[in-house]
Amino acid sequence: MNAKLALPFPMSLLLLDGVGALLFALGAAGHFSGVKLLSAALPTVPRVDLLAMLVGGVLMACAMAGIVRAMVHRGRESYDRASVPGGATQPGLASPLQKPRR
C-alpha cells in the first residue's frame, strides 16, 4: 500500500505535545515522588522539577492551541468546498446542499 496517512494537523504539533508531556511527567515525578532524574542531570538549576512542569505545560498548551486551530481551519475548508455546487458531497446525497437526515 502506498497510501500516505494524512493527519489533520502538522506532525510537529504532535511531537511538541509529546515533548511537553515528557517534561511535565519528569518534573511531576521529581516533585511529588522524589525521583531525581532532572536534578541529577541539571544540578545547578534550582527547583528544576517545578521549572520542567511549567515548561512542559506551556509546550502542551501551545501544541493543543495549534492543533485546535488546524482542525478549525480544516473544518472551514471542508465546509467551503461542500457549500459550492459541484464540490465534495457526502456519499448518498443528491447534492452538496441537501442535508443528511438525523
Side-chain angles (χ1 to χ4, degrees):
M1 260 189 181
N2 292 333
K4 185 179 178 183
L5 177 65
L7 291 175
F9 49 84
M11 182 62 116
S12 59
L13 293 175
L14 191 61
L15 292 174
L16 184 67
D17 185 48
V19 169
L22 180 65
L23 270 174
F24 189 85
L26 287 174
H31 185 70
F32 295 114
S33 67
V35 177
K36 301 297 179 191
L37 294 174
L38 290 176
S39 60
L42 300 168
T44 59
V45 180
R47 297 192 179 248
V48 69
D49 49 355
L50 293 177
L51 181 65
M53 288 171 58
L54 179 68
V55 170
V58 168
L59 288 177
M60 288 190 297
C62 291
M64 285 298 119
I67 289 171
V68 168
R69 186 179 307 128
M71 295 299 290
V72 167
H73 182 69
R74 182 178 180 188
R76 285 183 185 157
E77 284 180 350
S78 65
Y79 178 75
D80 290 341
R81 274 192 305 236
S83 65
V84 174
T89 62
Q90 292 181 354
L93 296 181
S95 74
L97 301 177
Q98 183 181 5
K99 297 194 186 245
R101 294 182 193 150
R102 294 190 184 233

Over all heavy atoms of both residues, which pair between Phe32 and Met53 is shortest? Give the atoms and the distance, please. CE1-CE, 4.0 Å
Common cluster, Met64/Met11, ILVMFWY with side-chain heavy-atom separation under 4.5 Å: yes
Looking at Pro10 and Ala70, what are the two nearest heavy atoms and their distance? CD-CB, 4.3 Å
Residues which pass side-chain contact (heavy atoms from CB on, under 4.5 Å) with Ser33, listed by chain and number, not counting sequence neighbours: Ala29, Val35
With sequence neighbours left out, the residues meeting side-chain contact (heavy atoms from CB on, under 4.5 Å) with Leu26 are Leu22, Leu37, Leu38
Euclidean distance, Thr44 OG1 relative to Leu42 CG, rounded to 0.5 Å: 6.5 Å
To the nearest 0.5 Å, what is the distance between CG (Asp17) and CD1 (Ile67)? 5.5 Å
Would you name the heavy atoms of Leu59 and Gly20 that are closest together and state the gap between them? CB-CA, 3.8 Å
Among all residues two or more places apart in sequence or in another chain, which pass the side-chain contact (heavy atoms from CB on, under 4.5 Å) test with Arg47? Asp49, Leu50
Applying the side chain to side chain contact (heavy atoms under 4.5 Å, CB included) test to Leu23, which of Leu51, Val55, Leu54 qualifies? Val55
